[in-house]
Number of protein chains: 2
Amino acid sequence: MTSKRRMGPQDSATSNALLDATERVLREEGYAAATSRRIAQEAGVKQQLVYYYFRTMDELLVATFTRRTQRALARLEQDLAVDRPIQALWQHLVSIVDARLVFEFVALANHNEGIRKEVARFVTESRRIEAAAIARQFGEEGRDTGPITPSAVAFLMYCVSLLLRREAATGITEGHDDVLALIDWALKR
Amino acid sequence: MTSKRRMGPQDSATSNALLDATERVLREEGYAAATSRRIAQEAGVKQQLVYYYFRTMDELLVATFTRRTQRALARLEQDLAVDRPIQALWQHLVSIVDARLVFEFVALANHNEGIRKEVARFVTESRRIEAAAIARQFGEEGRDTGPITPSAVAFLMYCVSLLLRREAATGITEGHDDVLALIDWALKR
DNA sequence: GTCTATACACCGATAGAC
DNA sequence: GTCTATCGGTGTATAGAC
């Protein structure tokens, strides 16, 4: 039952332009707008060309996610290879992570099995890298942090940075100053 | 330029059935599936009837959000009117808030101005209620919490509970045990 | 209050020519 | 590698009968 359609190479200028276009449409207009026609228009090609490079729209969405997360993991490891990784992680989270795109993909994961698996894999992998970097700093400073484990800190930093940015973009500021002051205080410990 | 279509009452059995159906579709299938046909089918009525009760699909979406959040605010105030509101708030957050629906609405808020405003209003109002309840308990216990202000605690409890539930539903568990242990420890202070 | 009929645009996807 | 042509289905929304 497989289609007889010809398929193009996985890494070409046009296919990358389609992945770029998909990211832009997801971020600016949401996943409901991520249609083959809209994305093709955004990339400056004909709608049918999308199906030369990707078998289905689903495959294009998953490819967009994996390309971005592979780059993100490399960038994360690079950013954490410094003296004080905990402070570097906070900087990374608030300046590199795109909260709009994250929410779009997480909402997609609610009802798209392919995206769900990739999101789970990426978050798990990121958190391990982050926890390892935090553990390194805890070890060097040689203090007993009790229930404040590296994994718990990784989770907290991730979720606070994500929600802070998402809420700010939504026009919510209630409590943000207080949380930022608390983070600042905690990072100086 | 306004339409001459007749409109039905704002609060009837059928309009409420449509709001219920919209919630179910949003939760189970995502906002892209929240179409007039799909929602009408879910409510057991004809597609065109949606437009008797709601001017546009956008209006139906906003109405679904406001009905739910008005009920949620009432429930929140009720749940916090107890002896130890901080512990009660945590219970409320992990058992009442529907993380799937929250993410769907927040993703919608990314690119829907009507939803964005309502989300901002609701989160701000909730946080004020929560911070007031936390401040009450802090006051009774008469301790100096330093940078750990009521507003900061309200934000932290909200974002941790939301992400914990969302990640668990996505199949992510990395760091969850540690965070739950930390919360448990913090709630006992 | 609910029905039928209908408009018109857009959707994913395929086939085959150039 | 990109084009034209095309399919059946679904989207929002309106008008008017029952």
Side-chain angles (χ1 to χ4, degrees), chain A residues 1-22 24-26 28-65 104 108 111-115, chain B residues 1-22 24-26 28-64 104 107-108 111-115:
Chain A
M1 290 302 280
T2 51
S3 163
K4 282 149 195 150
R5 247 170 50 219
R6 281 187 300 139
M7 298 294 297
Q10 290 186 350
D11 193 67
S12 69
T14 307
S15 74
N16 269 297
L18 286 169
L19 294 173
D20 292 341
T22 305
R24 280 199 300 277
V25 172
L26 280 177
E28 305 300 332
E29 304 168 42
Y31 67 74
T35 67
S36 59
R37 286 168 216 267
R38 180 73 193 84
I39 288 165
Q41 181 197 32
E42 183 75 17
V45 300
K46 296 281 173 182
Q47 178 253 342
Q48 295 90 334
L49 209 50
V50 170
Y51 295 94
Y52 174 63
Y53 290 102
F54 302 94
R55 267 198 297 272
T56 60
M57 282 305 294
D58 212 79
E59 191 181 286
L60 170 55
L61 250 25
V62 172
T64 302
F65 183 79
E104 216 59 49
L108 255 175
H111 40 85
N112 179 314
E113 186 59 12
I115 296 286
Chain B
M1 289 303 278
T2 50
S3 162
K4 281 147 193 150
R5 246 168 52 219
R6 283 187 299 138
M7 298 293 297
Q10 291 187 348
D11 193 68
S12 69
T14 307
S15 74
N16 269 296
L18 286 168
L19 295 173
D20 292 341
T22 305
R24 282 199 299 278
V25 172
L26 279 177
E28 306 300 333
E29 304 167 41
Y31 68 75
T35 67
S36 58
R37 285 179 215 260
R38 180 74 194 83
I39 288 165
Q41 180 196 33
E42 182 75 18
V45 301
K46 296 280 174 183
Q47 177 255 339
Q48 295 90 333
L49 208 50
V50 170
Y51 295 94
Y52 175 62
Y53 290 102
F54 303 93
R55 268 199 297 271
T56 61
M57 283 305 294
D58 213 79
E59 191 180 287
L60 170 56
L61 249 26
V62 172
T64 302
E104 216 60 49
L108 255 175
H111 40 87
N112 180 313
E113 186 60 11
I115 296 286

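Here is the naming used below: chain letters follow the sequence lines, and residue numbers restart at 1 for every chain. Basis for what follows: all heavy atoms, side chains included, without hydrogens, waters or symmetry-related copies.
Here Arg38(A) pairs with Glu29(A), Glu42(A) under the salt bridge (charged side-chain N to carboxylate O under 4.0 Å, His left out) rule; sequence neighbours left out. For Tyr51(B), there are no ring-ring contact (aromatic ring centres under 6.0 Å, His included) partners at least two apart in sequence or on another chain. Legend: residues meeting salt bridge (charged side-chain N to carboxylate O under 4.0 Å, His left out) with Asp58(A), ordered by chain and number and at least two apart, are absent. Contacts of Arg55(A) classified as salt bridge (charged side-chain N to carboxylate O under 4.0 Å, His left out), with partners at least two apart in sequence or in another chain: Glu59(A). Scored by the ring-ring contact (aromatic ring centres under 6.0 Å, His included) test, Tyr31(B) finds Tyr31(A), His111(B) as partners (sequence neighbours excluded). Among residues two or more places apart in sequence or in another chain, the side-chain hydrogen bond (donor to acceptor under 3.5 Å, both in side chains) test is passed with Thr35(A) by none. For Phe54(A), the ring-ring contact (aromatic ring centres under 6.0 Å, His included) criterion is met by no residue, not counting sequence neighbours.
Separating the CD atom of Glu42(A) from the P atom of dC10(C) is a distance of 16 Å, rounded to the nearest angstrom. The distance from atom CD of Gln41(A) to atom P of dT2(D) is 18 Å, rounded to the nearest whole Å. In this structure, Leu61(A) atom CG and dG12(C) atom P are separated by 10 Å, rounded to whole Å. Rounded to whole Å, the distance from CG on Asp58(A) to P on dC11(C) is 17 Å. Remark: C1' of dA13(D) and CE of Met7(B) are 12 Å apart, rounded to the nearest angstrom. Rounded to an integer number of Å, the gap from Leu60(A) CG to dC11(C) P is 14 Å.
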Polar pairs (N or O, both sides) under 3.5 Å between protein and nucleotides 15-18 of chain C?
residue: dA17(C); atom: N6; partner: Arg6(A); partner atom: NH2; Å: 3.2

Please write out each protein N/O paired with an N/O of nucleotides 10-12 of chain D under 3.5 Å, distance rounded to 0.1 Å.
residue: dG11(D); atom: OP1; partner: Thr35(B); partner atom: OG1; Å: 3.0
residue: dG11(D); atom: N7; partner: Arg37(B); partner atom: NE; Å: 3.3
residue: dG11(D); atom: N7; partner: Arg37(B); partner atom: NH2; Å: 2.3
residue: dG11(D); atom: O6; partner: Arg37(B); partner atom: NH2; Å: 3.2
residue: dT12(D); atom: OP1; partner: Ser36(B); partner atom: N; Å: 3.4
residue: dT12(D); atom: OP2; partner: Ser36(B); partner atom: N; Å: 2.9
residue: dT12(D); atom: OP2; partner: Ser36(B); partner atom: OG; Å: 2.6
residue: dT12(D); atom: O4; partner: Arg37(B); partner atom: NH2; Å: 3.2

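At a threshold of 4.5 Å between non-hydrogen side-chain atoms, the residues Glu104(A) and Leu108(A) do not count as touching.
Nucleic acid contact for Ser12(B): none, since no nucleic acid atom lies under 4.0 Å from a heavy atom of the residue. Counting any heavy atom pair closer than 4.0 Å across all strands shown, Tyr53(B) reaches sugar-phosphate atoms only and no base atom.
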Go through the steps for Met57(B) and Val50(B) under the test side-chain contact (heavy atoms from CB on, under 4.5 Å), then give the verdict.
-> CA-CA 8 Å; Met57(B) 283 305 294; Val50(B) 170; 4.1 Å; yes

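Side-chain nitrogen and oxygen atoms of Thr14(B) include at least one within less than 4.0 Å of the OP1 or OP2 phosphate oxygen of dT2(C). Regarding contacts with the backbone of dG1(C), a side-chain N or O of Tyr52(B) is found under 4.0 angstrom from either OP1 or OP2.
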